[in-house]
Amino acid sequence: MRTTWIRIGRWSLLAAVGGVLLTGAARAHARRRAKEQAQDTGLFAGSPTPQLVARQFTFTEGPAVDKAGNVYFTDQPNNQIWKYDLRGQLSVFMDPAGRANGMYFDAKGNLIACADEKNQLWSIAPDKKVTVLVDQPPGHRLNGPNDVWVAPGGGMYFTDPYYQRDYWQHTAPEQPGQYVYYLAPGQHQPTVVETTLKKPNGIIGTRDGKTLYVADIEGDKTYRYQLGPTGALAGRQLFVEQGSDGMTLDERGNVYLTGKGVTVYSPAGERLAHLDVPEEWTGNICFGGKDRKTLFITASKGVYVVPMRVRGGQ
């Protein structure tokens, strides 16, 4: 069986075919072929190599796109939320920002943020007024809300893994496990909807509100669920044998997973493409721009963009 391992991007040094190391002209040919294959998917408008926007941060996360197409993202160690506008300009939107991590916009234009400074879920209005949506479930603080998706009806799903932070005074979790929660519209107490994952992290749902994807980053798997009318999850299926930090969808239903670069899967779980990102870790991803055809990538100290032929699925 012939196996091809290909890395795309100027930081890649080698590729192998059938376990044989390629060098020189063969390596260059492999890179060219990888780019041709990426183009064949019809996903990328030009080179699939991520283009650097800025590399002035400590650790970037949580990109979310507003109705106009502006992208907001976090630099969590520096406690800031940044804005990348339609002109390609960067500016600080909020400082301090509750140690915001994953974020998502609701239908009213509020920025929903996993604010793990105090293990809360926030709603940030356009005028930057903060409303705490979730503080402490009865008896114990959350582990640290990590990523969030807002369903079409306004309900919110968020993951709550435990990552010890140096700005916390406590040094152990108070929850019995690392769960996925659902917050019904108008409520302040979330409901546990998934308890079996080792460490849930990335989360995203489809525009029609029928399907939810959740990554188990420690289990190195991503699962797909059906969404019930009351927010319950049903019909769990293994989607792919790969975990993810953040994730997004395009208009075709393709799923974009992050971690060591960006890997794109079809709705059937077929691997379509892989993008190398020249950073230690790729934390999260979304589609932005006026036409939602710019893939925006937060990766360690930098943020990157890739022009796309497909639009975002959110």
Side-chain angles (χ1 to χ4, degrees), residues 62 64-67 72 97-162 173-197 199-216 222-237 239 246-249 284 286 313-314:
V65 61
D66 67 13
K67 290 182 179 179
Y72 294 71
R99 301 285 184 174
N101 195 341
M103 303 189 298
Y104 200 90
F105 276 93
D106 69 13
K108 298 178 181 179
N110 300 308
L111 183 58
I112 309 303
C114 294
D116 79 7
E117 182 173 30
K118 296 182 179 179
N119 300 335
Q120 298 169 327
L121 190 68
W122 283 8
S123 175
I124 306 170
D127 64 1
K128 304 179 188 179
K129 179 182 178 182
V130 173
T131 301
V132 177
L133 300 177
V134 176
D135 191 359
Q136 292 190 27
H140 303 283
R141 64 164 61 94
L142 293 166
N143 293 320
N146 186 278
D147 204 1
V148 60
W149 175 68
V150 183
M156 302 175 189
Y157 293 87
F158 65 93
T159 57
D160 188 46
Y162 187 83
E174 295 182 12
Q175 292 295 320
Q178 302 180 74
Y179 302 149
V180 180
Y181 289 86
Y182 173 72
L183 181 67
Q187 300 299 308
H188 294 285
Q189 293 297 338
T191 302
V192 175
V193 291
E194 170 60 279
T195 64
T196 65
L197 306 182
K199 188 179 287 289
N201 198 312
I203 191 167
I204 196 70
T206 55
R207 183 182 295 175
D208 62 10
K210 294 181 179 180
T211 305
L212 184 73
Y213 293 88
V214 182
D216 185 348
T222 297
Y223 295 94
R224 178 165 51 201
Y225 303 81
Q226 298 171 6
L227 299 182
T230 61
L233 303 184
R236 185 176 94 163
Q237 295 178 318
F239 176 59
M247 63 175 75
T248 195
L249 298 164
N284 216 321
C286 78
Q314 302 299 304

Assess the residue pair Val180 and Asp160 against the criterion (side-chain contact (heavy atoms from CB on, under 4.5 Å)); give the C-alpha distance rounded to whole Å, side-chain angles, the decisive distance to 0.1 Å, and a yes or no. CA-CA 6 Å; Val180 180; Asp160 188 46; over 6 Å; no

Once you measure the plane-to-plane angle for Tyr213 and Phe239, does it fall in the parallel (<30°), tilted (30-60°) or perpendicular (>60°) bin? perpendicular

Shortest non-hydrogen contact from Asn110 to Pro126? OD1-CD, 3.7 Å

Nearest heavy-atom contact between Gly155 and Pro185 is N-CG, 3.7 Å

Do side-chain atoms of Lys210 reach the backbone of Gln226 as a donor and acceptor pair under 3.5 angstrom? no

Verify side-chain contact (heavy atoms from CB on, under 4.5 Å) between Phe158 and Ile112, making sure each step is shown before the conclusion. CA-CA 10 Å; Phe158 65 93; Ile112 309 303; over 6 Å; no

Within the 4.5 Å heavy-atom criterion, are Pro161 and Thr159 side-chain neighbours or not? yes

Could you walk me through whether Cys114 and Leu121 pass the side-chain contact (heavy atoms from CB on, under 4.5 Å) check? CA-CA 5 Å; Cys114 294; Leu121 190 68; 4.1 Å; yes

Can you tell me how far apart OH (Tyr157) and OG1 (Thr191) are? Round to the nearest 0.5 Å. 10.0 Å

By ring pair (Phe, Tyr, Trp, His ring centres under 6.0 Å), Tyr179 pairs with (sequence neighbours left out) none

On a heavy-atom basis, which atom in Thr222 and which in Met247 lie closest, and how many Å separate them? CG2-CE, 4.1 Å

Please answer whether the main-chain N or O of Leu142 pairs with a side-chain N or O of Asn119 as donor and acceptor at a distance below 3.5 Å. yes

Any donor-acceptor pair under 3.5 Å from Asp147 side chain to Gly102 backbone: no

Quick one: side-chain contact (heavy atoms from CB on, under 4.5 Å) partners of Arg236, sequence neighbours excluded? Glu194, Thr196, Leu197, Tyr223, Tyr225

Trp149 and Gln314: CA distance, side-chain angles, deciding distance, side-chain contact (heavy atoms from CB on, under 4.5 Å) verdict: CA-CA 10 Å; Trp149 175 68; Gln314 302 299 304; 3.1 Å; yes

Kindly say whether Asp216 contributes a backbone atom to a donor-acceptor pair with the side chain of Asn201 at under 3.5 angstrom? no

With Gln136, the side-chain contact (heavy atoms from CB on, under 4.5 Å) member among Gln189, Lys118, Arg141: Arg141

Indicate the ring-plane relationship of Tyr72 and Phe105, choosing parallel, tilted or perpendicular according to the 30° and 60° boundaries. perpendicular

Do Val132 and Ser123 have side-chain heavy atoms sitting under 4.5 Å apart? no

